[in-house]
Number of protein chains: 2
Amino acid sequence: MNTTRSGRPALTRPDGTPLRVLVVDDDPDLAEVLSGALRYEGWRIRTAGDGASALAAARELLPDAVVLDVMLPDTDGFAVLRDLHAVKPDVCVLFLTARDAVEDRIAGITAGGDDYVTKPFSLEEVVARLRGLLRRAGMARQPDEGPRLVVGDLVMDEEAREVTRGGELVELSPTEFELLRFLMRNPRRVLSKAQILDRVWSYDFGGRAHVVELYISYLRKKVDAGRDPMIHTVRGAGYVLKPVTP
Amino acid sequence: MNTTRSGRPALTRPDGTPLRVLVVDDDPDLAEVLSGALRYEGWRIRTAGDGASALAAARELLPDAVVLDVMLPDTDGFAVLRDLHAVKPDVCVLFLTARDAVEDRIAGITAGGDDYVTKPFSLEEVVARLRGLLRRAGMARQPDEGPRLVVGDLVMDEEAREVTRGGELVELSPTEFELLRFLMRNPRRVLSKAQILDRVWSYDFGGRAHVVELYISYLRKKVDAGRDPMIHTVRGAGYVLKPVTP
DNA sequence: CGAACCTCTGAGGGGCCTTTGAGCGGCCGG
DNA sequence: CCGGCCGCTCAAAGGCCCCTCAGAGGTTCG
């Protein structure tokens, strides 16, 4: 079976081959980070820096999905979207856009089944949105099943953004939710504070690892509250999430 | 079968040939120490002193992994990472960075599945991280199986950073963990205190061999506690770890 | 426009880890 | 048999890691 670089079974095309994703951004560093994260999901990645080379790459790769910066040096994302649909009508598109970008045009996009995230984003969010898109479009085969993450009696419904522990609802803020999602996607594995920062916080976050400690303590108060702890500190290494009794 | 210089079966590429690793550091002494340790793993090593020659070497060697100093005389780590991925998209990268540069521009690097260690590091840590990377990337074939070390009834899960003896959990500090990992990777072999210092402690450690004795005694208290001892002293030579009944 | 919520910073404190030093016991050589 | 060396352990200092509290600034929502 095709697997991610983390060992977890990968989200694949229906025939089991790796999903193909094209990353289009004119910032080479950002494109590199993005494609690294997506490659880590076990997918096949290509990058492009402008609209013209994006189209050329798309014609060659026939990607299942495209991560597309709205602001490109030679053209804008919407024009590229039209051309992409001409090349491959069923392609999924995830837009990258500035926070204060034109909301109305973006709104029209999501109606077509595509989606967007605003810069600066976290990699966890990009990956999650992309997985959601591919799943809903029927382009991806679920190795596990459904959009639910389960670790012990802790259950996360990613689409409903709902978390329960032992059946009880746990209410989380956005950052808490993303942190817990990252932990739940890597159960029984020690994650360093740097790893967590890189995945859960925005790529331009300048802060220190201290925030991770803080949010771990928030999560503990809500997820572990009064119960047997699932979140453990590994001194000098990081944090682990694991079921109470393995 | 391909083996390490120590006789232990080596971690190899899927086809059984030795893994190829490129070491890039502008300090020749450090590069030498590193490549010595990696060669000891049974891998094929090349070194480079700057970004340009690193790329040239990469094009020729097509390495499975690169150990890469972030501070290079001619360029920075991010640019090299991009170029390396262009040469070989599935290459694993382990960055070496100064402790106070961690916050700097490392952001996003671990997100792609790559990893880093801060200077001063221990060789055990570098080797362990590299093995982890290669294993997760599916570039390495397990001679034993999985990310678990087993000696007798002593079991170490490196990813969960969990150790059990006879099923019972053994809690270890970071240094204790690394020392035990070194012992478990070299079972039934006498390791001198100097060897242990060189591998487990940082390369700039100024202390004396006395610490090794102390940490061995800590390990005994936790690992051998009340049970048949697995850690043995070989007077005048060093220490051995072996199963209770060979 | 106000209130609630969320995120992040800074400071304080507690506890674990690492290292050092010293003392003791046992093994080995003289 | 005795002295010296090697290894083991205890005790304590210091540092570092981690947790928590309190509050400011920003954002969202009513």
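A note on names: the letters A, B, ... follow the listed sequences, proteins ahead of strands, and every chain is numbered from 1.
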K.L.:
Over how many whole Å does the gap from B:Leu197 atom CG to C:dT18 atom P extend?
P.N.:
14 Å

K.L.:
Can you give one letter per nucleotide of nucleotides 2-10 of chain C, 5' to 3': B if a protein heavy atom sits under 4.0 Å from the base, S if only from the sugar-phosphate, - if neither?
P.N.:
----SBBBB

K.L.:
Answer yes when A:Lys222 and A:Glu171 have at least one side-chain N-carboxylate O distance shorter than 4.0 Å, and no when they do not.
P.N.:
no

K.L.:
Please check: side-chain N/O of A:Asn186 versus main-chain N/O of A:Arg189, any donor-acceptor pairing under 3.5 Å?
P.N.:
no

K.L.:
If only side-chain N and O atoms of A:Tyr239 are considered, is one of them under 4.0 Å from the OP1 or OP2 phosphate oxygen of D:dC17?
P.N.:
no

K.L.:
Rounded to whole angstroms, how far apart are CZ on B:Arg161 and C1' on C:dC17?
P.N.:
14 Å

K.L.:
If I take atom CG in residue B:Leu180 and atom P in nucleotide C:dC17, what distance separates them, rounded to the nearest angstrom?
P.N.:
15 Å

K.L.:
Is any side-chain N or O of A:Lys193 closer than 4.0 Å to OP1 or OP2 of D:dC17?
P.N.:
no

K.L.:
A:Asp153: which residues meet the side-chain contact (heavy atoms from CB on, under 4.5 Å) condition with it, sequence neighbours left out?
P.N.:
A:Arg165, A:Met230

K.L.:
So if I take the C1' atoms of five pairs at each end of the helix from C:dC1-D:dG30 to C:dG30-D:dC1 and get each local axis, what angle do the two axes make, rounded to 10 degrees?
P.N.:
20°

K.L.:
Exactly one of B:Glu176, B:Glu158, B:Glu125 should register a side-chain hydrogen bond (donor to acceptor under 3.5 Å, both in side chains) with B:Arg181. Which one does?
P.N.:
B:Glu158

K.L.:
With B:Val33, which of B:Asp27, B:Val126, B:Leu123 fulfils side-chain contact (heavy atoms from CB on, under 4.5 Å)?
P.N.:
B:Leu123

K.L.:
Ion pair present between A:Lys119 and A:Asp25, side-chain N to carboxylate O less than 4.0 angstrom?
P.N.:
yes

K.L.:
Could you pull out all residues at least two apart from A:Pro73 that satisfy side-chain contact (heavy atoms from CB on, under 4.5 Å)?
P.N.:
A:Asp26, A:Asp50

K.L.:
Report the residue from A:Arg148, A:Arg136, A:Arg131 that forms a salt bridge (charged side-chain N to carboxylate O under 4.0 Å, His left out) with A:Glu159.
P.N.:
A:Arg136

K.L.:
Please determine whether a side-chain nitrogen of the Lys or Arg among B:Arg185 and B:Glu41 lies less than 4.0 Å from a carboxylate oxygen of the Asp or Glu.
P.N.:
yes

K.L.:
Which residues pass the ring pair (Phe, Tyr, Trp, His ring centres under 6.0 Å) test with B:Tyr215, not counting sequence neighbours?
P.N.:
B:Trp201, B:Tyr218

K.L.:
Just how far is it from atom CG of B:Leu96 to atom CG of B:Asp69, taken to the nearest 0.5 Å?
P.N.:
5.5 Å

K.L.:
Within this structure, what is the NZ-to-C1' distance between B:Lys221 and D:dC8, rounded to whole angstrom?
P.N.:
10 Å

K.L.:
Is there any protein nitrogen or oxygen under 3.5 Å from a nitrogen or oxygen in nucleotides 28-30 of chain D, and what are the pairs?
P.N.:
none

K.L.:
Rounding to an integer number of Å, can you tell me how far A:Ile216 CD1 sits from D:dC17 C1'?
P.N.:
15 Å

K.L.:
Please report the distance, rounded to the nearest Å, between CG in B:Leu179 and C1' in C:dC17.
P.N.:
14 Å

K.L.:
With a cut-off of less than 4.0 Å, is there a side-chain N or O of A:Arg235 near OP1 or OP2 of C:dG15?
P.N.:
no

